[in-house]
Amino acid sequence: MGTPEFAVPYLKSLLNNDFEIVGIITQPDKPTGRKQIISIPPVKAVAIQNNIRIFQSEKLKTDTKIIEELKSLEPDLTVVVAYGQIIPQAILNIAKLGNINVHPSLLPKYRGASPIQNAILNGETKTGITIMLMDAKMDHGPILAQKELLLAGNEDNESLHKIMSDNSSTNFLIETIKKFISNQIAPTIQNDEQATYCQLISKEEAKINWHKSAQIISNQIRAFYPWPTAWTTLSKKRVKIFPPVNITDGHTLAGKIIINNDKFLIGCNDQLLEISELQIEGKNKIKAKDFILGNKDIIDQSFE
RNA sequence: CGCGGGGUAGAGCAGUAGCAGCUCGCCAGGCCCAUAACCUGGAGGUCGUGGGUGCGAAUCCCACCCCCGCAA
């Protein structure tokens with residue numbers, strides 16, 4: 001079970017390791033983009049290419065038809081990677097050996113919808129991947145294995161997603177499954193007292209407050225890329241700020257723009273933030289250096 | 001018919017009817033111990049496409065194409 005691009009490498013690794021995949025469950029096709037064109041989830045596209053049976057439902061819990069069909073397939077194991085919906089107990093009861101979930105955080109920390117984004121947002125120095133057995137509560141079941149990843153502080157949401165679905169990560173899943181089905185793993189119960197939770201990201205969180213510290217703003221810019229993208233305003237126009245960004249020493253008014261040796265610096269509460277790419281509403285994304293060329297009067301203006 | 005911004009030199013932009021410009025980059029030369037610095041010169045444009053109005057259109061009118069912000 002899975003839906004977005006993040007789940008695709010995991011599905012492919014299962015395919016490449018001679019597991020018999022009797023079917024995939026993915027979210028329904030949804031309209032995306034400015035023109036609201038109906039598009040299929042990335043996982044579904046891979047399933048089509050590989051002639052895998054596909055199940056899609058708005059609400060699995062009440063979809064008795066799909067539940068019966070899944071039962072008839074008699075799966076041994078269910079693997080869930082970023083499905084995007086709460087999975088009802090009726091589905092979890094189907095697979096004989098159980099249900100394995102890949103969760104991109106070091107559980108019990110960052111249970112919930114946006115573990116990668118929130119690890120960056122909170123400036124964590126390490127995070128990781130947890131492979132666990134699922135139970136009725138979200139991200140709560142016993143842990144089979146964990147893989148730690150150290151963060152350098154320049155990761156963004158997109159790059160960290162890629163790292164967490166690279167070959168090393170997908171191999172980690174495959175190895176864990178193999179050990180699990182041959183009874184080499186004793187699942188570890190999670191310590192609920194240490195649990196933290198994260199909600200879906202909202203667009204409201206992505207507005208930059210220049211009165212905060214450069215570190216916090218850097219975290220925001222990286223955590224919210226490529227969606228919803230951290231933004232501010234200049235002369236009442238919306239301006240998106242993209243990673244990478246760089247924190248440097250110095251001080252000026254919050255939001256004030258300084259140009260120094262072609263560097264585009266912005267005042268924060270404590271230090272300065274150097275930005276590399278930005279986008280004014282209605283325009284394409286451009287490099288900060290190019291923006292300066294066409295906007296010589298930008299000096300001494302301020303982001304709001 | 002959801003709301004809105006935009007398309008001008010390789011890049012970023014200015015230019016609301018009268019010789020198509022600015023900054024950067026690029027090429028050549030110069031200066032310098034030297035340089036991403038500085039000086040001189042140069043190349044590079046179907047002003048998104050098609051039509052219309054005008055003596056004259058990047059500029060005004062009509063249609064279309066493409067890019068983007070909001071919203072979803």
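We name chains A, B, ... by the order of the sequence lines, and we start the count at 1 in each one. Below, all heavy atoms of this structure are taken into account, side chains as well, without hydrogens, waters or symmetry copies.
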If pairing requires Watson-Crick or G-U wobble contacts with both distances under 3.5 Å, which nucleotide is the partner of [N]?
N	value
C13(B)	G21(B)
G41(B)	C27(B)
A34(B)	none
G2(B)	C70(B)
G50(B)	C62(B)

Checking N50(A) side chain against I52(A) main chain: does a donor-acceptor pair fall under 3.5 Å? no

Taking RNA chain B as the partner, which of residues 278-298 of chain A come within under 4.0 angstrom of it by heavy atom? Q279(A), E281(A), G282(A), K283(A), N284(A), I286(A), D290(A), F291(A), L293(A), G294(A), K296(A)

Under the ring-ring contact (aromatic ring centres under 6.0 Å, His included) rule, collect the residues that match up with H161(A), sequence neighbours excluded. F6(A)

Is there a continuous path of hydrophobic side-chain contacts, each under 4.5 Å between heavy atoms, that joins I217(A) to L253(A)? no

Between [M] and [N], how far apart are the [atom1] atoms? Round to whole Å, please.
N	M	atom1	result
G18(B)	A71(B)	P	40 Å
A17(B)	C26(B)	C1'	34 Å
G56(B)	C64(B)	P	27 Å
G4(B)	A9(B)	P	28 Å

For G44(B), is chi within 90° of 0 (syn) or not (anti)? anti

Does the side chain of R238(A) get closer than 4.0 angstrom to OP1 or OP2 of G69(B) through an N or O atom? no

Nearest-angstrom distance from the residue atom CH2 of W227(A) to P of C68(B): 18 Å

Rounded to whole angstroms, how far apart are CZ on F264(A) and P on G12(B)? 16 Å

So, [X] versus [Y]: side-chain donor-acceptor pair below 3.5 Å or not?
X	Y	result
Q279(A)	N284(A)	no
Q215(A)	S213(A)	no
E274(A)	T248(A)	no

Which pairs pass ring pair (Phe, Tyr, Trp, His ring centres under 6.0 Å) with one or both residues in residues 87-114 of chain A, sequence neighbours excluded? none

